[in-house]
Structure formats: C-alpha cells, structure tokens
Amino acid sequence: MEGTIFDIKHFAVHDGPGIRQTIFFKGCPLNCWWCHNPESQNVNPEKYTKVNKLDGKEFKKEVAVGYKISVDELLKTISGDKIFFEESGGGVTFSGGEPLMQARFLIEILKQCKQNKIYTCIDTTGFASKNTIEKIADFVDCFLFDIKLIDEKLHQKYTGIPVKGILENLQWLDQNNKNVVLRFPIIPGITNTSKNISEVKSLLKSLKNINQIDLLPYHNISNGKYLRFNKENKMKNAEPLSDDEMQNLKLEFESIGFKVGIGG
Ligand code: SF4
C-alpha cells in the first residue's frame, strides 16, 4: 500500500514530545485562509517552476512537490531515528495536510509503528467520519487536535467545511479518554475575536478528560508559497499578535483550569 507525502522532517522538536520525525501527508479537505502549507492541500503530487536569477539571467527549474511512498519504505525511514526517539521520549508525528485523508495508509503505518514500539502523534483537523476516528484511535498515542472556530457559518467561511462533525469527533475522543492535546491557531481578526474565544472556552469547559491546549501564533511567512502555487493569499496583510497579546490569551485559558502552551 502506498501513500502520498510531501516532506519528512527529522529531529523536529515541535508537534509532540521529545525528538520527533514529522511526516507531512499531502492532501487536505480544508482550505483555511491562513494555511502555511498551501502546497499540502492537493492530494496529488504537483510541480511548480522555480526561477533562479544569476548575472541578470533567469534559470527555470521544475520542482516536484509530493511523492508516493510505501508503508515499508516509510517505516524504514521512521525506524532510522528510533534511537533518538528512545533517548528523548520522542517518536513520529503524522501531519499534513490532513493525514486522515489517507486513512487506510495511515492506519497501516500506525499499526507498524505500534508493533515497533514507536510513539505516534497525529496532527489533525478532526475532519473524518466517526468510523475512521474509532478505527484509528487505538493505534494513536496522542492526537494533536485543531480547534479553529466554533460558529458553523464562520467555520464554513474561513475553512470551507462544516465544524459539526469535527466537534462530535472531539467529544467522542474525550468520552473515550483518548490522549488529546488541543491546538488553537490564533488568527488575527478571525479566531481571536471575543465571541470565538468565549465559545472555545465554553467547549473546553464541557470536556471531561482533555485538559491541555497549545495556542499557535499566526506567522505571515507563506506569501512566496502562495505566489509559487498561483493561489490567492487572503491573509497577506494580516499582522501577527504581539507576545503580550499571546500571553494574555494564555492566562485566559489557564483561568479555566487548562494547561496552556504557546507554539506547538
Ligand atoms: S487544515 Fe492545515 S493544512 Fe489544511 S488548509 Fe487548514 S491550515 Fe492548511
């Protein structure tokens, strides 16, 4: 069985505990206005033309984004860093894009990791059928689960998909006592409105077992990628929040009893 990925990052220190290897799956059913990885959205491998300039001349080169990989090949790559995982309490994180979009491939590689005692995280939007979430849950050590907007219309507007099923999946994980760390991207003027913050806090208070959230600051760093892939960057003039503003948000979520981190 093969999946399509677009990057592998070794020795990552984000997206889970310890030293990690992060596998970026290609394909995402969402289309968030603030996406840092627009090259991840299309599930198929694609190409863009890179232009380098030297002495006033332009040199063009086709660059491929995304490639197919088998479960065995991927397991071999992941296992190559096993010693670092063991030393640091780390493991592998499946990110994207949305890894659940290639659920059959993801389940196979998760099973292999479990057999090989490799700690796994998935970094997910939570947009998948209930059946997929239930099937995958026993093979995942930690879900890094995104919460963006609670209001149905706003979620649809800014991500292109409904939020209802995502919230139901989160509730199922909570009720079944799965290990979940929430991730909340702080997008200026979109997710940090007082209405949305208050709705996210209400959601958090309703959870029985989940008690950790990471606030992910917005960075305006992807304009070049949008140009390369000929996509409109709707956030190109947005300014990130200041450190003080992020700290105030942290205090606000701590005040309801959550363990809060800034960054992932
Ligand atoms: S969920 Fe993540 S990868 Fe998908 S569009 Fe949104 S920001 Fe991009």
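Note that this is a predicted model, so its numbers are computed, not measured. Note that the numbering runs from 1 along the sequence shown for the chain. For ligands, and for the atoms within them, numbers begin at 1 and follow the listed sequence.
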Which atoms from ligand 1 have a heavy atom of [X] less than 4.0 Å away?
X      : answer
Gly97  : 3 (S)
Ser40  : 3 (S)
Thr125 : 1 (S)

task = Can you label the angle between the His219 ring and the His36 ring as parallel, tilted or perpendicular, going by 30° and 60°?
result = tilted
inquiry  = So Glu46 and Lys26, do their side chains get closer than 4.5 Å, heavy atoms only?
reply    = yes
ask   = What residue and atom, counting heavy atoms only, is the protein's closest point to atom 4 (Fe) of ligand 1, and at what distance?
value = Cys28 SG, 2.3 Å
key: Winner among Cys35, Gly27, Pro29 once heavy atoms are compared against atom 8 (Fe) of ligand 1   = Cys35
query = For atom 5 (S) of ligand 1, which candidate among Lys148, Gln41, Lys26, Met101 holds the nearest heavy atom?
reply = Gln41
task = Verify the distance test for Cys32 against atom 6 (Fe) of ligand 1: any N/O/S atom under 2.8 Å, yes or no.
result = yes
query = Is the count of non-hydrogen atoms from other residues, nucleotides or ligands lying under 6.0 Å from Asp243 atom CG greater than 12?
reply = no
key: Atom pair CZ (Phe184) and NZ (Lys201), whose distance is rounded to the nearest 0.5 Å   = 11.0 Å
key: From CG (Leu110) to CG (Asp138), nearest 0.5 Å   = 11.0 Å
ask   = Checking ring-ring contact (aromatic ring centres under 6.0 Å, His included) against Phe6, which of Phe229, Phe24, Tyr48, Phe25 comes through?
value = Phe24
